[in-house]
Amino acid sequence: MKVTDLYIPTLREVPADARLVSHRLLLRGGFIRMVCAGVFSYLPLGLRVLRKIENIVREEMNRAGAIEVLLPALSPGDLWKQTGRWWSFQPPPLKLKDGAGRDFLLGPTHEEIMTDLAAQDLRSYRQLPFTLYQIQAKFRDELRPRGGLIRAREFIMKDAYSFDADRASLDRSYQAMYDGYVRIFERLSLPTVICEASAGSMGGHDTKEFMLVCDEGEDTLFLCDKCDYTANAECAQSHRPEPTHVKDQLGERDLVETPNARTVEEVCELLGATPDQLVKTLLFVADGKYVAALIRGDRELNETKLAGHLAATELRMANESEIEEVTGAPLGFTGPVGLPTHVRIVADHDIAAMHDFVVGANQADAHFVAVDVGQDFEVAEYADIRIAMEGDPCPRCEDGLLMTKRGIELAHVFKLGQKYAEDLGCVFADEEGKEVVTTMGCYGVGVSRIMSALVEQYADENGIRWPLAAAPYEATILLLDNEPDLAAIADRLCADLVAAGFEAVIDDRDERPGVKFKDADLVGYPLRLVIGKRTKGEGTVEVRRRKDQEERVVPVAEVVAAARELAAGA
RNA sequence: CGGGGCGUGGCGCAGUUUGGUUAGCGCGUUAGACUGGGGGUCUAAAGGCCGCCGGUUCGAGUCCGGCCGCCCCGACCA
């Protein structure tokens, strides 16, 4: 293949709007173009990379026993209304109406359609288990698309769904996918960490995310510095603090005036206290009931954890009028002392270790000081409801501390259970002829996101350094002088390489050598062969590995062997 | 959705504060010449509803209003 027959529009200058390395290099290297914010076209090289990634994913899915299908991106609103996610999915999907006013959405995920599909044909336990997958465009109505391919509104994803008769069978299906994912990332040379996660809008459990640790990542990971505990920010556990001894002499609770001091900072400044001496009381509405969440003043509440603890399907912060109604005080002065008894109090573990603290007084412009649990109010429930912080003790091992890193989520696996199957009537007859609801799992891989993750992981100052498995072409032959003898050598070499199983191109453009070298580095071919004056003079060809500049200068006849040797380490 | 920035040939930018001939520069493109191992040089040329709509004015890229788009920070989140 000749570069002059391809479409590789490289850019010398960096488009001003691209900030991330991956976005810039994919643009400059002629892999992608932006259509509008978060929507991209794939050019020939980008498409080739995408196909490489897809095929690795496909091969590993097939190896794991999954079966490929293709579902529509356009999804009828009715199915989503049956599961309730028409209203509850966060962020809201891209919804649209057809000419007759019927509701549709562009699928951000396919539990509904896939479950409905299975429900139509599933009759007997004998048909189970099976796992279906597809590789297809997904849509998200991102509030703010950014970072090129990393957070797009339209993106390519592989999603698989397993259907099993029971939990034990689901566990096996899940494990097969999990193992497949480990293989996928090994083949792609992406060193992922597998972290505990929460299922968010999907619902489910045993959620794991495969993350690439990367400073440009949008997710925060918590990793233990001693053991292998890894979790995302939403579900990293906060270790229970050592309870401090109860003081012999408890101070008397005292009401102090705190005019206009609504925030922790304002109260601290006024009272000369530090945030860790305050208890914040946050009022929530969980499935229609009031809940007061107590958090140490210098900590932040984790709504996911709170919702999990309450087993609430809908959780939101109370608004100002609800706060006034329940506490009798405006926003900013809520406290646990004297709350109506119907308000359920949930305190973070930190609270158990606190004494002599400050709380809102449930009256305007006032706080209580010298407050203690047991003395001034009761806490029936302690739970881990705060966001983990760097330096927290590891919840898993004895003396580890949690540290944070940034990461890009590349894949996730989780067990859905029976929710979707139940809502959509995906049932089968068991051995005794009884109707049983199918047990499901869901497994996603961000195919297009992997493309940019690879660039983030492997770029250097000159361009991309694709791993062999994902490179658009494995080798480029730079024909520095287009005279017939050398061109003939290039043609033959290219044919030899192809015969040896390499995907190779010849850069036969009428460009100066410098341009070809720069472009070769930018596009990131793992192997670069140079045919130029040395070939003419000494009959040798330079074969160089992009990754580490390792180079062999060999006679034409030995080029394929040298390429093989260098490719082995690419 | 809040805060900030930007929108001028394909790309990167200047010009806008202080309205006034023909809107510049670099890169790229086209033609030619020289050149030929890390984005070379010279000559000539093409290419612009200055994001859109409206307003002020004798006159608007420049001032005013509205809208649209893009980027960054935040909020939200797989």
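Note that this is a predicted model, so its numbers are computed, not measured. Chain letters run A, B, ... following the sequence lines, proteins first and then strands; every chain starts at 1.
Remark: B:C6 base-pairs with B:G69. Criterion, Watson-Crick or G-U wobble with two distances under 3.5 Å. Taking a pair to require two hydrogen-bonding distances under 3.5 Å in either a Watson-Crick or a G-U wobble arrangement, B:A46 remains unpaired.
Within 4.0 Å (heavy atoms only), A:V14 reaches sugar-phosphate atoms of the nucleic acid but no base atom. Within the 4.0 angstrom heavy-atom criterion, base atoms lie near A:E542.
Ion pairing between A:K533 and A:E538 fails under the 4.0 Å rule for side-chain N and carboxylate O.
No hydrogens or angles were tested; on distance alone, a donor-acceptor pair under 3.5 Å links the side chain of A:R28 to the base of B:G39. Residue-to-nucleotide contacts include a donor-acceptor pair under 3.5 Å from the side chain of A:R528 to the base of B:G38.
The listed nucleotides are B:G38, B:G37, B:C70; the one nearest the side chain of A:R544 is B:G38.
Atom CZ of A:R316 is separated from atom C1' of B:A75 by 18 Å (rounded to the nearest Å).
The salt bridge (charged side-chain N to carboxylate O under 4.0 Å, His left out) contacts involving residues 470-493 of chain A comprise A:K2-A:D491, A:D481-A:K536, A:E483-A:K536, where partners must be two or more places apart or lie in separate chains.
Sorted by residue number, the members of residues 473-494 of chain A with any non-hydrogen atom under 4.0 Å from RNA chain B read A:L480.
The same atom, P, is picked in B:G37 and in B:U41; the two are 15 Å apart, to the nearest Å.
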Polar-atom pairs under 3.5 Å, protein N or O versus N or O of nucleotides 31-35 of chain B: list them with distances, or write none.
from	atom 1	to	atom 2	distance (Å)
B:U35	O2	A:R512	NH1	2.4

Protein and nucleotides 26-30 of chain B: nitrogen or oxygen contacts under 3.5 angstrom:
from	atom 1	to	atom 2	distance (Å)
B:G26	N2	A:E13	OE2	2.5
B:C27	O3'	A:R12	NH1	3.4
B:G28	OP1	A:R12	NH2	3.3

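A distance-only check finds no donor-acceptor pair linking the side chain of A:Y42 to the backbone of A:S448 [under 3.5 Å].
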For residues 211-218 of chain A, tabulate all N or O donor-acceptor pairs below 3.5 Å that involve a side-chain atom, not counting sequence neighbours.
from	atom 1	to	atom 2	distance (Å)
A:E218	OE1	A:R151	NH1	2.9
A:E218	OE2	A:R146	NE	3.3

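Residues satisfying the ring pair (Phe, Tyr, Trp, His ring centres under 6.0 Å) criterion with A:F31, sequence neighbours excluded, are A:W466.
Residues A:R528 and A:R545 have side chains not in contact (no heavy-atom distance under 4.5 Å, counting atoms from C-beta outward).
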